[in-house]
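Step one of this worksheet: look at the structure below.
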Amino acid sequence: MGASVTTGLQMVAARPCIPACQRLLGSRAPIPSFARALSTQTGFASCRKTASAGPFVSLNHKRFAVRAMSAQGLPIDLRGKRAFIAGVADDNGYGWAIAKALAAAGAEILVGTWVPALNIFETSLRRGKFDESRKLPDGSLMEITKVYPLDAVFDSPEHVPDDVKANKRYAGSSNWTVKEVAETVKNDFGTIDILVHSLANGPEVKNSLLETSRKGYLAAVSASSYSFISLLQHFLPIMNPGGATISLTYIASERTIPGYGGGMSSAKAALESDTRVLAYEAGRKGKIRVNTISAGPLGSRAAKAIGFIEKMIEYSYMNAPLQKELLADEVGNTAAFLASPLASAITGSTIYVDNGLNTMGLALDSPTLST
């Protein structure tokens with residue numbers, strides 16, 4: 001897991017003078033109100049707060065009568081649902097924004113945190129350092145029911161090498177491989193409904209592909225794409241039918257982004273391909289939907305591993321069709337939608353949340369256009 005390169009180049013695309021960490025979920029206009037869940041009898045009704053929402057109707061039903069009954073918009077109600085978000089280690093990445101959006105919609109939140117970052121994360125939570133960024137649209141604070149140590153590079157205990165077992169950064173933590181975390185969540189809660197993969201790491205990300213070693217390339221693919229396969233493989237047996245999984249990708253999967261090296265572009269391409277294949281397999285086996293969000297750049301702490309974050313933020317602002325700040329909560333809101341019954345027919349898709357930058361074939365700020 002390590003420094004998340006996914007949250008590195010999935011930074012909030014903002015003008016450089018605007019701190020991305022100040023634009024988290026709920027920092028501006030609130031999410032549309034969350035109201036009564038999808039019902040085959042009453043359709044949608046709206047309310048101002050999640051607390052007054054009606055009962056949730058499971059996706060196990062084969063038919064739905066969807067009716068918009070409010071001028072305030074379609075509601076997202078995830079009350080009664082439980083989400084596990086892998087890859088939350090601070091309060092300014094996309095994983096955090098997704099957790100907040102799901103919590104605002106009523107979901108119970110569990111998170112998996114990279115083992116070496118676990119102590120700092122839990123201490124910050126306990127001491128209230130994240131309280132400001134935990135605020136939800138209704139004024140309450142996001143509650144994280146439980147934080148699990150997790151290193152998604154390792155599937156089971158027998159795959160952990162001796163040097164990692166002896167590493168002081170792992171001392172005091174146990175049951176942190178993917179298999180063990182899934183088993184622990186099962187013992188603690190029985191089932192989950194939503195699985196979020198917000199993990200990536202490329203130890204040689206600053207190297208061009210031509211200069212990337214086999215070890216560095218395989219490490220990037222292992223941490224950034226196979227980790228999603230492993231998570232779904234082990235969590236699928238405890239996911240309720242009708243559940244959803246969401247991962248995070250980046251446009252480097254299909255376009256050349258000089259400087260985004262070390263095999264990370266290959267890992268993102270693999271993740272998107274796996275999304276399509278897993279949508280079929282998990283859909284047929286467990287009635288689980290599988291989608292990925294291709295997010296624009298986000299100025300997170302982990303993004304510093306890339307080395308040219310501010311340039312990518314400025315490039316996105318100058319060249320995207322929508323010349324505006326891209327907020328982390330816009331990605332969070334999209335994830336909440338994809339996890340909800342409103343997206344019950346969407347699976348195997350890559351959803352772009354980047355102000356439309358992915359559609360552009362010409363850089364508007366190119367010097368050649370001014371000559």
Side-chain angles (χ1 to χ4, degrees), residues 6 10 38 57-64 66 76 78 81-87 94-95 98 102 107 112 152-153 155-156 178-179 181-182 185-186 191-200 218 220-255 263-295 331 334-354 358:
T6 259
Q10 282 152 206
L38 188 62
V57 177
S58 171
L59 275 176
N60 291 334
H61 291 281
K62 294 183 178 180
R63 289 180 173 272
F64 297 94
V66 180
I76 296 177
L78 296 176
K81 301 299 181 181
R82 183 176 296 115
F84 181 88
I85 299 108
Y94 278 146
I98 290 173
L102 296 177
V153 168
D155 302 319
S156 57
V178 177
K179 179 181 179 181
V181 172
V185 171
K186 179 181 179 180
T191 62
I192 66 169
D193 304 277
I194 302 163
L195 176 65
V196 178
H197 176 275
S198 180
L199 302 171
L218 294 178
V221 173
S222 174
S224 310
S225 51
Y226 187 80
S227 57
F228 176 61
I229 297 174
S230 180
L231 281 166
L232 184 53
Q233 189 179 91
H234 290 90
F235 275 89
L236 185 62
I238 66 169
M239 291 191 71
N240 292 315
T245 72
I246 301 161
S247 64
L248 291 167
T249 185
Y250 180 57
I251 192 63
S253 62
E254 54 187 282
R255 308 285 174 85
M264 282 304 303
S265 58
S266 307
K268 292 303 183 183
L271 181 64
E272 293 178 19
S273 177
D274 294 341
T275 294
R276 294 185 286 272
V277 176
L278 292 172
Y280 166 74
E281 295 180 355
R284 293 299 181 92
K285 186 173 183 178
K287 297 182 180 179
I288 301 299
R289 294 180 294 108
V290 182
N291 293 294
T292 188
I293 297 174
S294 184
V331 172
T334 301
F337 162 73
L338 289 173
S340 78
L342 296 179
S344 59
I346 300 176
T347 192
S349 297
T350 298
I351 308 297
Y352 297 94
V353 185
D354 62 357
N358 72 93

How far does [atom1] of [X] sit from [atom2] of [Y], to the nearest 0.5 angstrom?
| X | Y | atom1 | atom2 | result |
| --- | --- | --- | --- | --- |
| His197 | Leu231 | NE2 | CG | 6.0 Å |
| Leu232 | Glu281 | CG | CD | 9.0 Å |
| Phe228 | Thr249 | CZ | OG1 | 11.0 Å |
| Gln233 | Ser227 | CD | OG | 12.0 Å |
| Ser340 | Ile76 | OG | CD1 | 4.5 Å |

Below 4.5 Å, heavy atoms only, C-beta onward: do [X] and [Y] meet side chain to side chain?
| X | Y | answer |
| --- | --- | --- |
| Lys81 | Asn240 | no |
| Arg82 | Ile192 | yes |
| Val181 | Phe235 | yes |
| Leu278 | Thr245 | no |
| Tyr94 | Ile293 | no |

Per side chain to side chain contact (heavy atoms under 4.5 Å, CB included), Leu102 is matched among Asp193, Ile85, Ile246 by Ile85
Scan Thr292, Ile351, Val196, Ile194 and name whichever one has a side chain to side chain contact (heavy atoms under 4.5 Å, CB included) with Leu338. Ile351
Of the non-hydrogen atoms in [X] and [Y], which two are nearest, and what is the gap between them?
| X | Y | result |
| --- | --- | --- |
| Ala200 | Met264 | CB-CE, 4.1 Å |
| Ser253 | Glu272 | OG-OE2, 2.5 Å |
| Tyr352 | Glu254 | OH-OE2, 2.5 Å |
| Ser265 | Ala252 | CB-O, 3.4 Å |
| Ser222 | Val153 | OG-CG1, 4.0 Å |
| Ala267 | Ser224 | CB-CB, 3.8 Å |

Ignoring hydrogens and angles, tell me if any N or O in the side chain of [X] forms a donor-acceptor pair with the backbone of [Y] under 3.5 Å.
| X | Y | value |
| --- | --- | --- |
| Thr347 | Val290 | yes |
| Ser230 | Tyr226 | no |
| Ser344 | Pro341 | yes |
| Ser225 | Val221 | yes |
| Thr275 | Leu271 | yes |
| Asn291 | Gly348 | yes |

